[in-house]
Amino acid sequence: MEHNPEVRAVFPRIYEVVKQVPPGQVTTYGDVARIVGGCCDARVVGEAMAEVQDPEVPWHRVINAKGMISLRGANAVTQRRRLESEGVAFNERGQVSLKRFGWHGPDAEWAQQHGYHMLASADDPNQMRLF
DNA sequence: CGTATGACCATGC
DNA sequence: GGCATGGCCATAC
């Protein structure tokens with residue numbers, strides 16, 4: 001799919017953030033969107049994930065806010081198998097505990113080097129956001 | 001233009 | 001806790 005330049009420009013940032021999610025942990029579309037900031041919401045992150053080319057981008061570690069895989073069919077099976085091989089557990093309803101496996105943003109060092117900064121927030125004091 | 005559809009989410013009941 | 005609604009951004013007809 002084609003996108004306007006403003007949105008396409010943010011895709012690399014989305015990929016850079018997703019690359020920071022370590023094995024055995026997961027994040028959500030909405031969290032990635034908030035970290036990247038700018039003209040980026042959860043749907044755009046989903047769009048970016050659908051077009052990943054770089055094999056170093058761990059797209060399988062991005063799930064929805066309910067802790068569930070948003071894909072269907074064979075792709076969903078692939079995503080779940082990859083996560084389980086990293087130690088991520090699913091309950092009987094196919095749900096991951098974000099409490100246990102959730103990733104809460106890049107470390108401060110990486111953030112500083114890539115032009116992000118800490119932004120105090122009532123909900124999550126450690127939430128990062130773009131300048 | 002309005003409408004439908006997405007690897008989405010917060011809110012309210 | 002499930003379900004509906006509206007909002008979000010973008011695309012296709």
Side-chain angles (χ1 to χ4, degrees):
Chain A
M1 283 194 190
E2 297 294 322
H3 299 92
N4 72 41
E6 202 176 338
V7 169
R8 192 164 51 224
V10 86
F11 274 38
R13 298 208 73 95
I14 292 173
Y15 296 144
E16 285 303 313
V17 169
V18 173
K19 278 185 182 177
Q20 300 308 306
V21 184
Q25 290 187 262
V26 296
T27 187
T28 70
Y29 300 96
D31 283 343
V32 172
R34 277 188 289 275
I35 292 168
V36 171
C39 71
C40 182
D41 80 334
R43 286 194 182 278
V44 173
V45 173
E47 196 68 35
M49 292 302 99
E51 297 181 9
V52 166
Q53 299 296 326
D54 184 354
E56 289 185 25
V57 176
W59 57 267
H60 60 285
R61 298 184 191 133
V62 184
I63 60 180
N64 65 34
K66 291 180 291 199
M68 303 181 76
I69 286 172
S70 290
L71 291 171
R72 294 204 240 173
N75 290 331
V77 175
T78 297
Q79 184 171 10
R80 174 165 177 159
R81 194 170 55 229
R82 287 193 187 183
L83 288 174
E84 287 178 326
S85 73
E86 296 179 353
V88 176
F90 288 77
N91 69 12
E92 57 283 352
R93 290 180 311 211
Q95 195 171 26
V96 173
S97 168
L98 293 173
K99 189 94 169 178
R100 287 174 54 197
F101 302 104
W103 174 77
H104 299 97
D107 61 51
E109 187 180 349
W110 181 91
Q112 189 170 13
Q113 290 176 353
H114 289 77
Y116 291 77
H117 74 298
M118 305 293 284
L119 184 64
S121 158
D123 292 342
D124 184 355
N126 291 324
Q127 183 64 61
M128 308 255 186
R129 193 163 289 187
L130 190 60
F131 271 104

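In what follows, chains are A, B, ... by sequence order, proteins preceding strands, each numbered from 1.
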Rounded to the nearest Å, what distance is computed from the [atom1] atom of residue [X] to the [atom2] atom of nucleotide [N]?
| X | N | atom1 | atom2 | value |
| --- | --- | --- | --- | --- |
| A/D41 | B/dA10 | CG | C1' | 13 Å |
| A/K66 | C/dG2 | NZ | C1' | 10 Å |
| A/L83 | B/dA7 | CG | C1' | 13 Å |
| A/Y29 | B/dA10 | OH | C1' | 18 Å |
| A/R34 | C/dG7 | CZ | C1' | 14 Å |
| A/E51 | C/dT11 | CD | P | 10 Å |

For DNA chain B, the residues among residues 86-99 of chain A that have a non-hydrogen atom under 4.0 Å from it: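 Nucleic-acid contacts, sorted: none.
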I need the residues from residues 68-76 of chain A with at least one non-hydrogen atom less than 4.0 Å from DNA chain B; give them sorted by number, or say none.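 The stretch gives A/S70, A/L71 as the residues lying under 4.0 Å from the strand, ordered by number.
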Straight-line distance of A/E51 CD to A/Y15 OH, nearest 0.5 Å: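 The OH atom of A/Y15 is 6.0 Å from CD of A/E51, to the nearest 0.5 Å.
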Counting only pairs under 3.5 Å, give me each side-chain donor-acceptor contact of residues 64-76 of chain A, with atom names and distances, residues two or more places apart or in other chains.
{"residue": "A/N64", "atom": "OD1", "partner": "A/K66", "partner atom": "N", "Å": "3.0"}
{"residue": "A/N64", "atom": "OD1", "partner": "A/G67", "partner atom": "N", "Å": "3.3"}
{"residue": "A/N64", "atom": "OD1", "partner": "A/M68", "partner atom": "N", "Å": "3.0"}
{"residue": "A/N64", "atom": "ND2", "partner": "A/M68", "partner atom": "O", "Å": "3.2"}
{"residue": "A/N64", "atom": "ND2", "partner": "A/S70", "partner atom": "OG", "Å": "3.0"}

Using the test side-chain contact (heavy atoms from CB on, under 4.5 Å), find all partners of A/P22 that sit at least two apart in sequence or belong to another chain.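 Checked A/P22 against side-chain contact (heavy atoms from CB on, under 4.5 Å); matches are A/Q25, A/W103.
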Partner residues of A/E109 under the side-chain contact (heavy atoms from CB on, under 4.5 Å) criterion, sequence neighbours left out: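 Expected list: A/D107, A/Q113.
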Any side-chain heavy atom of A/T27 sitting closer than 4.5 Å to one from A/Q20?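 They are not in side-chain contact.
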Within a strict 4.5 Å, meaning less than it, do heavy atoms of the A/L98 and A/I63 side chains meet?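 Sidechains of A/I63 and A/L98: in contact.
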Taking the [atom1] atom of each, how far is [N] from [M], in whole Å?
| N | M | atom1 | answer |
| --- | --- | --- | --- |
| B/dG6 | C/dC8 | C1' | 12 Å |
| C/dT5 | B/dA4 | P | 14 Å |
| B/dC1 | C/dA12 | C1' | 14 Å |

Please find the pair of heavy atoms, one from A/C40 and one from A/I14, that lie closest to each other, and give the distance.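 Smallest heavy-atom distance, with atoms named: SG-CD1, 3.9 Å.
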Enumerate, atom names and distances included, each donor-acceptor pair closer than 3.5 Å involving a side-chain atom of residues 87-94 of chain A, sequence neighbours excluded.
{"residue": "A/N91", "atom": "OD1", "partner": "A/R93", "partner atom": "N", "Å": "2.8"}
{"residue": "A/N91", "atom": "OD1", "partner": "A/G94", "partner atom": "N", "Å": "3.1"}
{"residue": "A/N91", "atom": "OD1", "partner": "A/Q95", "partner atom": "N", "Å": "2.9"}

Which part of the nucleic acid, if any, lies within reach of A/A65 when heavy atoms closer than 4.0 Å are counted: base, sugar-phosphate only, or nothing?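 A/A65: backbone/sugar contact only, no base atoms under 4.0 Å.
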Can you identify which nucleotide, out of B/dC9, C/dC9, B/dA7, has its nearest atom closest to the A/W59 side chain?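 Side chain of A/W59 sits closest to B/dA7.
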Can you list every salt bridge (charged side-chain N to carboxylate O under 4.0 Å, His left out) pair that touches residues 53-64 of chain A, not counting sequence neighbours?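 Salt bridge (charged side-chain N to carboxylate O under 4.0 Å, His left out) check on residues 53-64 of chain A returns A/K19-A/D54, A/R61-A/E86.
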